Q: 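Could you have a look at this structure, given as structure tokens, before my questions?
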Amino acid sequence: MNLEEYKGVYVFAQQVDNELSSIAFELLGKAKELAAPLNTEVTAVLIGSGVKGLVDQLAEYGADKVIVVDDPELKEYRTEPYAHALSSVINEYKPEIVLVGATAIGRDLGPRVSARVATGLTADCTVLEIGDFPLNAIPGQEQKHNQLLMTRPAFGGNTIATIACPDNRPQMATVRPGVMQKIDPIAGAKAEVIEYNPGFIPDNKYVEILDIVKELSDTVDIMDAKILVSGGRGVGSAENFKMLQDLADVIGGTVSCSRAVVDNGWLPKELQVGQTGKTVRPNVYFAIGISGAIQHTAGMEESDIIIAINKDDSAPIFDVADYGIVGDLNKIVPKLTEELKKV
Ligand code: FAD
């Protein structure tokens, strides 16, 4: 493989129902950062049906080029046709780096595409940078420059692994939603548009979609919430979460939780914060009856202000908290709610 042939940072621009997912903008923001030291361009790969209208938005968020694969067969996400489309784009254009969101779609698509184009994939990355590999070369050992260094939690979050793909291209990663920063959109920015037809074959279509049932929810997605009132095992029961909901109602917040709460069946998984839940970055994060395990803090430590309430003054949550209240949440939370009602 001639590594020199591979150029550019490519982003899979995920869309659902012809609406770009937030992860597409987050990946473009990171791609721009990675492209600078490599002196290369950022390309968005937009796959779907009737999606050309989304090109300008991708340009405004940092794409220099957009490769559009537009076909009625690509209306809804299905593994085979999408994997065929993305791997065909990679084989044709030979990108140096390919980023895919670690969403339900991306977790399905990324590994399949990486296998098809015979390269490696680092899943669920939280940090991406350009650097030398191996990181700490021993004297005499060759260090390769300008490699994509892909960092992700490993062994249940107990260690952080930095992984590279120095001998193969493209370097591929799936990236956790909510971790990378979008750029401020540049109104009126334009991208070069390339329409690409990968030529579908009937054997692609192993799956037929009979019906799509959308989950209806009247709650704010915790990844979009400005204030989160998050509860842990210390809250004690599903019924006791009413106390946290009352506090959230008074301050315009949304209730979220730790994994222990989901495992106990007190709240649904979509409200879970952390390594195997969602990564959140609200203005204010209340951690109530949450111990602060590393797998939890991995998903919330970037919050602007963290307020912890815990009866154990040595709970690790206080290490990441800006404000801490030590005491029984059953007494503190109702009192706090009463006081905030007066404001
Ligand atoms: P606990 O650790 O049991 O803490 C409860 C806290 O409540 C304690 O600190 C206690 O002092 C306090 N408390 C009890 N009663 C009161 C009271 N009356 N008043 C005030 N304080 C009180 N966890 C996540 O949250 N998100 C994840 O995404 C996640 N992913 C994981 C992935 C892997 C691979 C693994 C191995 C684990 C993962 N975990 C995750 C689990 C994580 O390790 C912890 O077990 C979990 O976060 C603990 O939840 P908790 O803090 O609610 O419960």
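Source: prediction; values computed, not measured. Order of appearance sets the numbers: ligands from 1, and atoms from 1 within every ligand.
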Q: Rounded at 0.5 Å granularity, tell me how far CE in M180 sits from OG1 in T279.
A: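 It comes to 10.0 Å.
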Q: Would you say ligand 1 has an N or O under 3.5 Å from any N or O of G277?
A: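 N/O-N/O distance under 3.5 Å: yes.
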Q: Over 60° means perpendicular and under 30° means parallel, so tell me whether Y196 and Y93 are parallel, tilted or perpendicular.
A: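 Answer is perpendicular, since the angle exceeds 60°.
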Q: Side chain or backbone of N330 under 4.0 Å from ligand 1, or both, or neither, by non-hydrogen atoms?
A: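 Near ligand 1, N330 shows its side chain, while the N, CA, C and O stay back.
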Q: For atom 8 (C) of ligand 1, which of D312, V262, N310 has the closest heavy atom?
A: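 Of the listed residues, N310 has the closest heavy atom.
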Q: Compute the minimum heavy-atom distance from G327 to ligand 1 and say whether it is under 4.0 Å.
A: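 A heavy atom of G327 does come that close to ligand 1.
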Q: Protein heavy atoms: any of them under 4.0 Å from atom 30 (N) of ligand 1?
A: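 For atom 30 (N) of ligand 1 the answer is yes, since some protein heavy atom falls inside 4.0 Å.
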Q: Flag the pair D64 / T43 as yes when at least one side-chain heavy-atom distance between them is below 4.5 Å, and no otherwise.
A: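 Counting from C-beta outward, D64 and T43 never come under 4.5 Å.
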Q: Kindly assign one of parallel, tilted or perpendicular to the pair F25 and Y61, based on the angle between their ring planes and the thresholds 30° and 60°.
A: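 Because their plane-to-plane angle lies in the 30° to 60° range, the rings of F25 and Y61 count as tilted.
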Q: Could you find the nearest protein heavy atom to atom 27 (C) of ligand 1 and give me its residue, atom name and distance?
A: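 Its nearest protein heavy-atom neighbour is Q272 NE2, 3.1 Å.
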Q: Which heavy atom of the protein is the closest neighbour of atom 14 (C) of ligand 1, given with residue, atom name and distance?
A: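 For atom 14 (C) of ligand 1, the nearest protein heavy atom is G234 CA, 3.4 Å.
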Q: Can you tell me how far NZ of K331 sits from CD1 of I325, rounded to the nearest 0.5 angstrom?
A: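 Answer rounded to 0.5 Å: 14.0 Å.
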